[in-house]
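Quick caveat: nothing in here was measured; it's all calculated off a predicted structure.
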Amino acid sequence: MAGVGWKVHGDGKHLRPGEVVRPDERLSWGRTAGLGAQHVVSMIGACFVAPVLMGLDPGLALMASGVATVLFLLLTRGRVPSYLGSSLSFVGVSAVIAGQGGDAGTLTGALFVVGACLAGCGLAIHVLGARVIHAVLPPAVTGAVVMLIGFNLAPVTASTYWPQDQWTALATMLFTGLALVVLRGFWSRIAIFLGLLFGYVLSWVLDLSLGQIHSVDGSGKVTDHWRLDFSAVAQADWIGLPSFHAPEFSTSAILVALPVLVALIAENAGHVKAVGEMTGDPLDDKMGTAIMADGAASMLSTAVGGPATTTYAENIGVMAATRVYSTAAYWAAAGFALLFGLCPKVGAVVAAIPGGVLGGITVILYGMIGLLGAQIWIRNEVDFAQPLNLVPAAAGIIIGVGDVSLKFTETFELSGIALGTLIVLTGYHALRWLSHAAGTRQQPLLDGGTAGYDPKDKGPDGHGKAD
């Protein structure tokens, strides 16, 4: 079977300076299993955090991630080493759907549809070529959508998590920030996980030393409660299946979730390019297949009640540090994830993470998601002196962050992420078409971005003359 046969690299034990273990190679099975365990440790924090924030079963999420990774490796025929974990891009979506009265079934139904659309986009990219991504989703659009998705989450932290225990939230935030900045290598890549552990232990110590806290609890009621509630952990079995549920489909929930499709395509495309550069094997011909495989994996996960999946940057870091790109290590990681998923007690421990701890983590995490949009702009040298780049992004981000709504009927409205993405995407392409049709060349709107500007050298989008 393609993608599951590996030749031993060298003696299977050592790597010479400058050598790498390619995707179709492996080290000894003992070392490969150890690398698989390392991959699980690097991704397990984010893989658990995402379902907890979305109200889904973390044990099921971990099990689904293992199955999703196996499916991804098979569909890409072993050429794209990658681990598929729970996507954090849908955290804001889950909060909006919950606010509309939706439950876990409504959320996973919306995510299932997004997964199907992602698979369809991957198929189209495979047929039409990778360049179609850049045509439909230029950096100005992608960066704006990623930014508004991240910053739209700010009220979740401010009103839900942080007030449950503000001092633990502050301490967790400071520790996590310190870990991200000061630690190096592998430890830096699991800094979010270390922050969770720190907050977890701190909450336990504060419960022992200070007793219950008087604040809002997870339901929003002000009451005396323990920061760390182990009651569900004591009742959970050591071995058993996670809680499955079928997806339910709601048009309003689907419309809220669909904009995340832009972020998922960008994540997958970036992952494929990064892996191709590291392995020296250009993978543009596999970009459509990888996106399609992630969509199929998301459909499989959400069909049984799990979260949508995405490729994990944490595991790219592990590959870069170890110089081992063997897909055999990812098969081992998937196996470990399946075993952990069969232990409900582990999932209960993770689900018991105090709200204050999540507050400290999400302050950084949500901000990082938003600023990834700015990183896309910077790396692609998007010129915001150009009205075509500036206007759609400015309007869409304010709509997304401010959760502005547009009511069409008594039962249908668009708001926040969905409306902001629609404004950015349609606004950019409509204004680009109109400016080309009119043959106009707009003057810069922002004085700070005009240094060195020559309108003869730039088209209306700031990326070269119009065709």
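Once rounded to the nearest 0.5 Å, the distance linking CG of Leu390 with OH of Tyr428 reads 13.0 Å. In this structure, Thr176 OG1 and Ile364 CD1 are separated by 5.0 Å, a value rounded to the nearest 0.5 Å. Rounding to the nearest 0.5 angstrom, the gap separating the CG atom in Leu148 from the CD1 atom in Ile398 is 10.5 Å. Taken to the nearest 0.5 Å, the CD1 atom of Ile291 stands 3.5 Å off from the CD1 atom of Ile125. Residue Leu73 holds its CG atom at 10.0 Å from OH of Tyr83, rounded to the nearest 0.5 Å. If you take OG on Ser250 and CD1 on Ile97, they are separated by 7.5 Å, rounding to the nearest 0.5 Å.
At a threshold of 4.5 Å between non-hydrogen side-chain atoms, the residues Thr32 and Trp331 do not count as touching. No side-chain heavy atom of Glu25 sits less than 4.5 Å from a side-chain heavy atom of Ser326. Put simply, the side chain of Pro259 does not reach to within 4.5 Å of the side chain of Leu422, judged on heavy atoms. Side-chain contact between Phe112 and Met299 is present, with heavy atoms from C-beta onward closer than 4.5 Å. Taking the side chain as every heavy atom from C-beta outward, Val80 and Phe72 approach each other to under 4.5 Å. Using a 4.5 Å cut-off on side-chain heavy atoms (C-beta onward), Ser301 and Met63 make no contact. Using a 4.5 Å cut-off on side-chain heavy atoms (C-beta onward), Met292 and Leu75 make no contact.
Annotation for Thr106 and Ala253: closest pair CG2-CB, 3.7 Å, computed over non-hydrogen atoms. Gly420 and Ile399 get closest at one heavy-atom pair: N-CG2, 3.6 Å. Pairing each heavy atom of Met54 with each of Ser87, the nearest pair is CE-O, 3.9 Å. Considering all non-hydrogen atoms of both residues, Pro58 and Pro51 come closest at CA-CG, 3.8 Å. Contact between Ala104 and Gly55 at its shortest, heavy atoms only, is CB-O, 4.4 Å. Across every non-hydrogen atom of Ala393 and Trp377, the tightest pair is CB-CZ2, 4.4 Å.
Residue Phe90 is tested with Val114, Thr108, Val256 for a side-chain contact (heavy atoms from CB on, under 4.5 Å); the sole match is Val114.
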Worked check of side chain to side chain contact (heavy atoms under 4.5 Å, CB included) between Leu56 and His245: CA-CA 10 Å; Leu56 300 176; His245 70 259; 4.2 Å; yes

CA sep, side-chain torsions, deciding dist, call: Leu261, Ile265, side chain to side chain contact (heavy atoms under 4.5 Å, CB included): CA-CA 6 Å; Leu261 187 65; Ile265 292 174; 4.2 Å; yes

Stepwise side chain to side chain contact (heavy atoms under 4.5 Å, CB included) test for Ser298 and Leu111: CA-CA 8 Å; Ser298 291; Leu111 269 54; over 6 Å; no

Test side chain to side chain contact (heavy atoms under 4.5 Å, CB included) applied to Val260 and Leu264, step by step: CA-CA 6 Å; Val260 181; Leu264 295 179; 4.2 Å; yes

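A donor-acceptor contact closer than 3.5 angstrom links the side chains of Thr327 and Trp6. Side-chain contact, Asp294 with Thr309: a donor N or O sits under 3.5 Å from an acceptor N or O. Between the side chains of Tyr330 and Ser82, no donor-acceptor pair of N or O atoms lies under 3.5 Å.
At most 12 non-hydrogen atoms from other residues, nucleotides or ligands lie less than 6.0 angstrom from NE2 of His126.
In this structure, the side chain of Thr69 engages the main chain of Leu84 through a donor-acceptor pair within 3.5 Å. A donor-acceptor pair is defined here as one N or O able to donate and one able to accept, closer than 3.5 Å; no such pair exists between the side chain of Asn389 and the backbone of Ala140. No side-chain donor-acceptor contact under 3.5 Å links Thr302 to the backbone of Pro307. With hydrogens and angles ignored, the 3.5 Å screen pairs no side-chain donor or acceptor of Asn380 with any backbone N or O of Val382.
Checked against salt bridge (charged side-chain N to carboxylate O under 4.0 Å, His left out), Asp285 has the following partners two or more places apart in sequence or in another chain: Arg79.
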